[in-house]
Visitor: 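Just dropping this structure here.
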Amino acid sequence: MTQSDLVLFSVTERVALITVNDPDRRNAVTGVMSAQLRAAVQRAEADPNVHAVVVTGAGRAFCAGADLSALGAATEDGLLALYDGFMAVAQCTLPTVAAVNGAAVGAGLNLALAADVRIAGPAAVFDARFQQLGLHPGGGATWMLHRAVGPQVARAALLFGMRFDAQAAVQHGLALHVADDPVDAAITLAAGPASAPREVVLATKATMRATASPGAVEGEQHEFAKRTELGPQAATVESPEFASRLAAARRR
């Protein structure tokens, strides 16, 4: 596989399918993959024949989080580069659906949370895992989890290490429903905006983002959360304890 293959892009019936594509490494995020993911989202937004976006992972995992080598060497700028792909999904002007076919861990959970809607496959697992690695949450995870599931469940995930299988994800609002083929189900769901006038789709999403929290724009809240988390996360990346936990994780 070449680095140019790390994100796949196709369009069918006005729906763009974006696939993070490094199955041998469970689609772990690198700076290169993140940049390609942003480029794919921008490509969809720029295409007048695309009305919705579906994001999924190749192979058995949705996304196993940040690549450990990239994470261990990350500065604040490096962390921002790793975030950039899922931030593009979060900022996308088109409706977005995450087809969570397998494990969504750490930054992979962020990628799933960045979408407007999540559909879980039977093998889906939603796992923040930051604290278990000795790592402060990043990329707006604290805000996205609060938004998706409310404060109690968000704190259970981030402070107590609660993880969610497909059924629990639906129960707690992390996913809309479970489907045997989550990609097919996501594309079917995306047929709604695909059949509507694009300008209406764009305007409706923009209005929903503006009215989600009166007095604040949703994107600004996410950006504030990302910046608030950045310093503490960078500090934990630089700590000896994180280096030790990282080394242990690499040996597994």
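Values in this document were obtained by computation on a predicted structure and should not be read as measured data. Just so you know, these numbers use all the heavy atoms, side chains as well, and skip hydrogens, waters and symmetry mates.
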Visitor: Between R147 and L113 (side chain of the first, backbone of the second, donor and acceptor by atom type, cut-off under 3.5 Å), is there such a pair?
Guide: yes

Visitor: Name all pairs fulfilling the side chain to side chain donor-acceptor pair (under 3.5 Å) condition that reach into residues 78-98, sequence neighbours left out, sorted by first residue then second.
Guide: R38-D84, R38-Q91, E45-T93, Y83-Q233, T96-D116

Visitor: Ignoring hydrogens, what is the shortest heavy-atom contact between T30 and R25? Give both atom names and the distance.
Guide: CG2-NH2, 3.4 Å

Visitor: Could you check whether atom CD of Q42 has more than 12 heavy atoms from other residues, nucleotides or ligands sitting under 6.0 Å from it?
Guide: yes

Visitor: Do K226 side-chain atoms and G140 backbone N/O form a donor-acceptor pair below 3.5 Å?
Guide: no

Visitor: Using ring centroids (six-membered ring only for Trp), state whether H136 and F130 fall under 6.0 Å.
Guide: no

Visitor: Decide yes or no for L111 and L37: does some side-chain heavy atom of the first lie under 4.5 Å from some side-chain heavy atom of the second?
Guide: yes

Visitor: Ignoring hydrogens and geometry, is there a side-chain-to-backbone donor-acceptor pair from E218 to A212 under 3.5 Å?
Guide: no

Visitor: For a 4.5 angstrom cut-off between non-hydrogen side-chain atoms, does V41 reach V53?
Guide: no

Visitor: Find out whether L176 and L189 are in side-chain contact, i.e. whether some heavy atom of one side chain is under 4.5 Å from a heavy atom of the other.
Guide: yes

Visitor: Given side chains that start at C-beta, do those of N21 and V7 come closer than 4.5 Å, heavy atoms only?
Guide: no

Visitor: Donor-acceptor pair, D127 side chain versus F164 backbone, under 3.5 Å?
Guide: no

